[in-house]
Amino acid sequence: MSFSFEHLFRGFEIALTFQNIFWAMVGCFIGTLVGVLPGIGPASGIAILLPLTTVLPPTSAIIMMAAIYYGAMYGGSTTAIVVNIPGEASSVPTAIDGYEMAKQGKAGPALAIAAISSFVAGTLGLVGLTFFAPLLADVAVAFGPPEYFALMFMALTLVISLSGRALLKGVISMALGLTTSLIGQDPLTGAARLTFGFPKLLAGIDFISVIVGLFAISEVMVNVESRITAISQKIGSWMPTWADIRQCTGAMIRSTGIGFFLGLLPGVTPSVTTFVAYDVEKRVSKTPERFGKGAIEGVAAPEGANNATSTAGFVPLFSFGIPTAPSMAVLLGGLMMYGLQPGPMLFKENPDFVWAIIASMYIGNVMLIVLNLPLVGMWARICVIPFYILGPMIVFFSVLGTYSIRFQPFDVWVMLLFGVIGYLMRKFGYPIAPMVLATVISQMMEMSLGQSLLMSQGSVLILFTRPISGVFMALAFISIARGIWLQIRSHAPEVAVEEAD
Amino acid sequence: MKTLRQADIAGGCFLAFLGLFILYAASNIRLGVERALSPRFFPSVLGFLIFACGVGLAVKSWRFRGEDPGIHWPDRQGFVIVVVSLLLIAAYNALMKPLGLPLATFLYAAASIGFLKPERWGVAIVSGLVLGAVSYVVFIRLLDLSFPMGFLFE
């Protein structure tokens with residue numbers, strides 16, 4: 001299944017129906033709002049809304065979910081520029097020069113260039129997705145259970161090794177995530193696992209309760225304890241000059257390349273690529289001394305990388321069924337909830353669905369620039385909603401989303417428990433991303449390992465003797481060895497890097 | 001636990017015990033039909049991994065002699081806010097079935113906003129009413145989701 005314009009046009013035909021345009025617009029709006037509001041990120045936003053979308057057809061629901069994700073990348077810059085509060089770790093580099101520009105009375109052009117850069121990178125990234133995903137899906141058709149297990153294993157090790165200096169804590173986080181998703185009945189034998197005699201646990205723990213707790217509830221706890229304060233900036237004129245745009249063109253293209261190609265790798269989230277893009281831009285600049293003092297390229301580069309990375313994440317998701325970041329893991333869970341198995345067969349068996357999602361992303365990008373440029377003042381005002389109102393609103397939507405998984409209070413208790421766990425993980429420097437990814441892919445890992453062992457009459461050597469799985473396992477072990485080497489060399493305590501969801 | 005070192009020693013010990021507990025629980029899983037991959041395999045491997053990493057973390061932190069970063073705990077008032085906020089969420093969940101979604105939402109939002117900003121009780125009550133109405137109109141009437149209605153609307 002290689003790329004064909006016929007499929008893409010058919011995708012546009014489906015994406016351009018009134019219903020799908022409407023849900024894409026709703027997704028773009030909610031996504032921008034999620035990005036603008038501190039205290040809620042795309043992973044928790046999607047997780048909260050996922051159970052509520054069961055009333056929609058799968059294509060419309062996933063179009064909306066995807067729009068929330070890339071929409072949040074647009075909105076994330078607003079708080080960083082206007083009030084110097086990076087809502088997510090990926091917005092930190094934007095805040096450096098964006099807030100300086102705001103203090104100089106140039107908040108409008110900074111916000112506008114952030115939106116334009118997001119649009120350019122998002123669209124170029126989509127062109128990459130359109131051509132790369134079917135190509136990789138062709139390769140992935142040759143994958144059997146050993147290759148899938150090895151790929152998922154490699155993805156987890158990469159996510160852990162990118163958790164900063166916290167290798168042990170990353171492994172613990174992953175192991176706790178895998179253990180959590182094992183609770184309940186074994187899918188093949190029906191044996192009760194880790195239920196400790198509680199009948200409620202037999203049905204298992206839903207990943208949505210875990211993710212909403214880890215991200216939304218723990219974020220609310222962190223924010224209520226510190227009481228966020230906001231300083232309003234005057235937006236002024238929002239139009240950048242042509243000179244501004246010309247000055248940023250190179251930054252937009254370079255950051256798209258960096259964001260897209262790095263974003264294809266598991267564990268490389270926007271919080272990593274935005275820093276890389278900012279650093280590269282500073283190095284190639286003829287006037288690097290302007291960076292940190294309000295350089296407009298310092299806003300364009302991270303915003304471009306942000307969006308290119310988020311689009312690139314769809315390539316491994318659609319072609320291999322591998323999530324590269326927590327938000328992608330939630331989207332994967334959403335696809336599985338609708339009975340769709342991402343991977344090479346998705347392009348073969350559901351071409352209308354997958355091309356409609358890709359086409360809707362082109363449309364969504366146009367919607368987002370229309371939504372972001374003229375309404376920049378409104379978004380800036382929204383981001384200063386006091387947390388004493390915002391916090392209970394986030395809890396309201398979190399409880400609603402979690403309760404509607406099975407309409408049982410039990411799932412909300414689980415959410416609350418993971419809220420406390422997430423709060424303590426943040427305090428003690430444990431990375432959250434490995435836990436989230438592990439929770440979602442655990443069953444697939446166990447299934448593919450089981451099938452691999454069935455193929456080899458119980459020998460694990462099958463994972464190392466087949467060429468593709470052998471390469472993935474080797475890369476996984478190299479990644480583990482690198483992590484251990486860094487641990488030995490580092491004499492610092494274990495602290496995870498701040499991560500975006 | 002004021003420093004990361006202390007927290008890691010305590011956390012490592014806790015995780016080591018948790019790992020042992022998971023190993024014990026895994027050994028009690030019924031095997032049933034013979035399969036290439038036993039239902040005990042993953043829980044046992046993970047139990048061992050958690051135990052080993054817990055011990056590793058505790059030992060590494062015990063031996064650590066460098067600059068120890070502190071943990072940013074909230075002050076006493078911050079702790080009270082966090083605990084009461086969690087209790088309010090718990091009460092919201094507990095009251096959902098007997099009172100119904102709209103009324104429980106109103107009570108939660110009003111109490112929560114009123115607690116976080118005591119001088120704005122008016123805003124708290126209006127916000128509670130708005131969220132309660134949204135929960136009823138959007139989620140019960142429009143989306144037709146099976147949330148409990150409570151005695152007011154049944």
Side-chain angles (χ1 to χ4, degrees), chain A residues 52 54-55 168-169 171-172 175-176 178-179 182 186 188-194 196 217 220-221 224-227 386-389 391-393 395-396 399-400 403-404 407 409 412-413 416 419-420 423 427-430 442 445-446 449-454 457-458 487 491-495, chain B residues 4-5 7-8 11 15 22 25-26 29-33 35-37 39 42-43 46-47 49-50 53-54 56-57 60-61 64 66 68-69 71-74 78-79 81-82 85-86 89-90 92-94 96-97 101 105 108-109 112-113 116-117 120 123 127 131 135 139 143-147:
Chain A
L52 300 171
T54 44
V55 288
L168 279 173
K169 287 179 177 174
V171 176
I172 291 167
L176 289 175
L178 288 172
T179 310
L182 290 180
D186 179 72
L188 288 176
T189 62
R193 294 195 294 188
L194 310 176
F196 311 107
I217 300 299
V220 169
M221 288 166 73
V224 292
E225 75 173 27
S226 57
R227 297 183 175 204
F387 202 79
Y388 62 85
I389 292 177
M393 272 172 71
V395 170
F396 164 65
V399 169
L400 240 63
Y403 194 92
S404 55
F407 293 98
V412 181
W413 295 124
L416 205 53
V420 176
Y423 175 78
K427 291 285 176 196
F428 297 158
Y430 287 76
S442 163
M445 274 185 91
E446 193 179 15
L449 181 62
Q451 288 166 343
S452 305
L453 293 178
L454 205 65
Q457 276 97 43
Q487 283 283 300
H491 297 289
E494 293 233 346
V495 186
Chain B
L4 198 59
R5 180 173 171 265
D8 284 350
L15 286 161
I22 293 170
I29 295 172
R30 263 191 313 111
L31 287 178
V33 196
R35 284 171 48 196
L37 189 66
F42 258 98
L46 292 170
L49 198 61
I50 293 170
C53 289
L57 184 64
K60 189 183 169 198
S61 309
F64 177 69
D68 192 5
I71 297 175
H72 302 291
W73 291 114
F79 256 120
I81 293 173
V82 169
S85 298
L86 284 174
I89 303 173
Y92 182 23
N93 190 31
M96 182 98 76
K97 263 202 169 148
L101 177 70
T105 301
Y108 165 74
S112 199
I113 296 171
L116 291 172
K117 199 79 179 170
R120 307 294 293 271
V123 175
S127 307
L131 285 184
S135 71
F139 296 98
L143 292 175
D144 202 20
L145 295 167
S146 323
F147 283 105

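Reminder, nothing fancy here: chain letters follow the sequence lines and each chain counts from 1. Keep in mind that the numbers below use all heavy atoms, side chains included, and drop hydrogens, waters and symmetry copies.
- Put simply, the side chain of A/Y430 does not reach to within 4.5 Å of the side chain of A/L168, judged on heavy atoms.
- For A/A192, the part lying near chain B is the backbone, with the side chain staying farther off; criterion is any non-hydrogen pair under 4.5 Å.
- Interface remark: B/F42 contributes backbone and side-chain atoms alike to the contact with chain A (heavy atom separation under 4.5 Å).
- Interface residue B/L131: backbone and side-chain heavy atoms are both found under 4.5 Å from chain A.
- Of the residues considered (A/V420, A/V55, A/I217, A/L416), A/L416 shows the highest number of contacts with chain B, using heavy-atom pairs under 4.5 Å.
- Remark: the backbone N or O of B/I113 is not paired with any side-chain donor or acceptor of B/R120 at under 3.5 angstrom.
- Between chain A and the options B/A25, B/S135, B/A26, B/A90, heavy-atom pairs under 4.5 Å are most frequent for B/A90.
- For A/L400, the parts sitting under 4.5 Å from any heavy atom of chain B are the backbone and the side chain alike.
- Ranked by non-hydrogen atom pairs under 4.5 Å with chain A, the options B/S127, B/G56, B/P43, B/A109 are led by B/P43.
- Within the 4.5 Å cutoff, side-chain heavy atoms of B/L116 are placed close to those of A/P392.
- Remark: A/K169 engages B/D8 in a salt bridge, criterion side-chain N to carboxylate O under 4.0 Å.
- Judged by distance alone, the side chains of A/Y388 and B/S112 never bring a donor and an acceptor atom under 3.5 Å apart.
- Residue B/L86 touches chain A through both its backbone and its side chain, counting heavy-atom pairs closer than 4.5 Å.
- Chosen from B/I50, B/N93, B/L46, B/D144, the residue pairing most often with chain A at heavy-atom distances under 4.5 Å is B/N93.
- Residues A/S442 and A/L182 have side chains in contact (heavy-atom distance under 4.5 Å, counting atoms from C-beta outward).
- Under the 4.5 Å side-chain criterion, counting only non-hydrogen atoms from C-beta, A/P386 is not in contact with B/K117.
- Between chain B and the residues A/L178, A/L453, A/V395, the largest count of heavy-atom pairs under 4.5 Å involves A/V395.
- Neither the backbone nor the side chain of B/S61 comes within less than 4.5 Å of any heavy atom of chain A.
- Taking the centre of each ring, A/Y403 and B/F147 come in below the 6.0 Å mark.
- Looking at A/V399, only its side chain comes within 4.5 Å of chain B, counting heavy atoms on both sides.
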